[in-house]
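Below, read A as the first sequence line, B as the second, and so on, with proteins coming before strands; counting in each chain starts at 1. The structure presented is a predicted model; accordingly, all values stated were derived computationally and were not measured.
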2 protein chains.
Amino acid sequence: MDARFYTFVGGETGLWQVEEVRSVRGDGLQTPRCLDLQNTHLATLPADAVWALRGAASHQRYTTRAEQTALAAVQAPLGRVESVCAALIPIRKNAAWWLLTQDERRAIFEERSSHTTIGLRYLPTIARKLYHSRDLGEPFDFLTWFEFAPEHRAAFDDLLGALRASEEWNYVEREVDVRLVQKEIMEPA
Amino acid sequence: MDARFYTFVGGETGLWQVEEVRSVRGDGLQTPRCLDLQNTHLATLPADAVWALRGAASHQRYTTRAEQTALAAVQAPLGRVESVCAALIPIRKNAAWWLLTQDERRAIFEERSSHTTIGLRYLPTIARKLYHSRDLGEPFDFLTWFEFAPEHRAAFDDLLGALRASEEWNYVEREVDVRLVQKEIMEPA
């Protein structure tokens, strides 16, 4: 199995407790009790799970070197102690998007929708990791994972609002918003 | 299963007879008798097969609209009656390539290596289809399939020579060249 493979499992176990599952566009997903992230591609749905979404951590598709340098200067790691809030946002883009050429997709993504520029504004507050699913034949094209501290919930909603209002989002045909809080970790007695 | 999923199976069956399997760079592949292309992702190696390579037909990663228009004007379909010669060229690029940003990869791919421009020169003589494998955790990143008539064997070798001499090919760490001829199809009596 490839180290870049991940499966998000909505079920009865996992480090994250599900607060809400909301359909933003198109079909939603069932609301599980917990979310588990496994560093493998599960071939079958585990017992007690209601859904499993697979993705691969991969190279960037649109970022330029200048943007990458700006991002790296302020980037935040996942797993910060204070980041007890998270969101998993699976997205599928429509056929029209995938028929565009690279220069057309890039122009919509950044020059006209400021995707990276918007994300930059919320760094290092909101940590983010993208998983690619489209070439795996999954129901979504991308799974984006976000982590932040509870006091930044409103900032996170602003970030999503700015992206959803962009031209790029005209090409989103399915989007689900899964909100999570970390389970309390019991200290050993 | 997704309609964009394919598996090339080197074994004892299939429409194509293997002429030669040659390692261009890095580890080679065993030489099977035949090659079969299946429109699915096989999970296990079929009996009698020596290797199976999986890929997904996907959107283009570097082509601009202007290039796409130029390509579409002269593009050739697969499956032409006279195209009884074929080649399967699996390639893996190195870690340095995948750490480059999109603008850097595009500049090497086209502005400095003329990948699309070189391919255009051989259209419609050489038909081509690309399959993406990298995010599937496969041993190769890309599988490229070519079809052409026997009188264009030399032209095909020229095409490969031009690509292999380009700056882009400095990033290729594994390449195998599988040459094939179509099996004679028996007419019903």
Identify which part of B:R134 has an atom lying under 4.5 Å from any heavy atom of chain A, answering side chain, backbone, both or neither. both
Side-chain heavy atoms under 4.5 angstrom apart, residues restricted to Ile, Leu, Val, Met, Phe, Trp, Tyr: same cluster for B:L35 and B:L53? yes
A:Q102 CD to B:E67 CD distance, which is reported to the nearest 0.5 Å: 11.0 Å
Just so I understand: if I count every heavy-atom pair under 4.5 Å between each of B:G137, B:A43, B:A57 and chain A, which residue has the most? B:G137
Here the gap from A:R106 atom CZ to B:D103 atom CG, rounded to the nearest 0.5 Å, amounts to 7.5 Å
Single-linkage hydrophobic cluster, 4.5 Å side-chain cutoff, A:I89 and A:F8 together: no
Begin with the C-alpha distance, continue with both residues' side-chain angles, and end with the deciding distance and a verdict on side chain to side chain contact (heavy atoms under 4.5 Å, CB included) for B:R61 and A:R61. CA-CA 8 Å; B:R61 307 298 209 259; A:R61 306 298 210 260; 3.9 Å; yes
Are B:V24 and B:L159 in one and the same hydrophobic cluster, where Ile, Leu, Val, Met, Phe, Trp and Tyr link if side-chain heavy atoms are under 4.5 Å apart? no
Output for pair (B:R4 CZ, A:W98 CH2), nearest 0.5 Å, gives 8.5 Å
Once rounded to the nearest 0.5 Å, what's the spacing between atom OH of A:Y131 and atom CG of B:D135? 13.5 Å
Between A:T64 and chain B, which part of the residue has a heavy atom less than 4.5 Å away: side chain, backbone, both or neither? both
Enter the distance from B:R105:CZ to A:H59:NE2 here, rounded to the nearest 0.5 Å. 4.5 Å
Roughly how far, to the nearest 0.5 Å, is CG of A:L100 from CD of B:Q68? 11.5 Å
Residue A:R65 versus chain B: region with a heavy atom under 4.5 Å: both
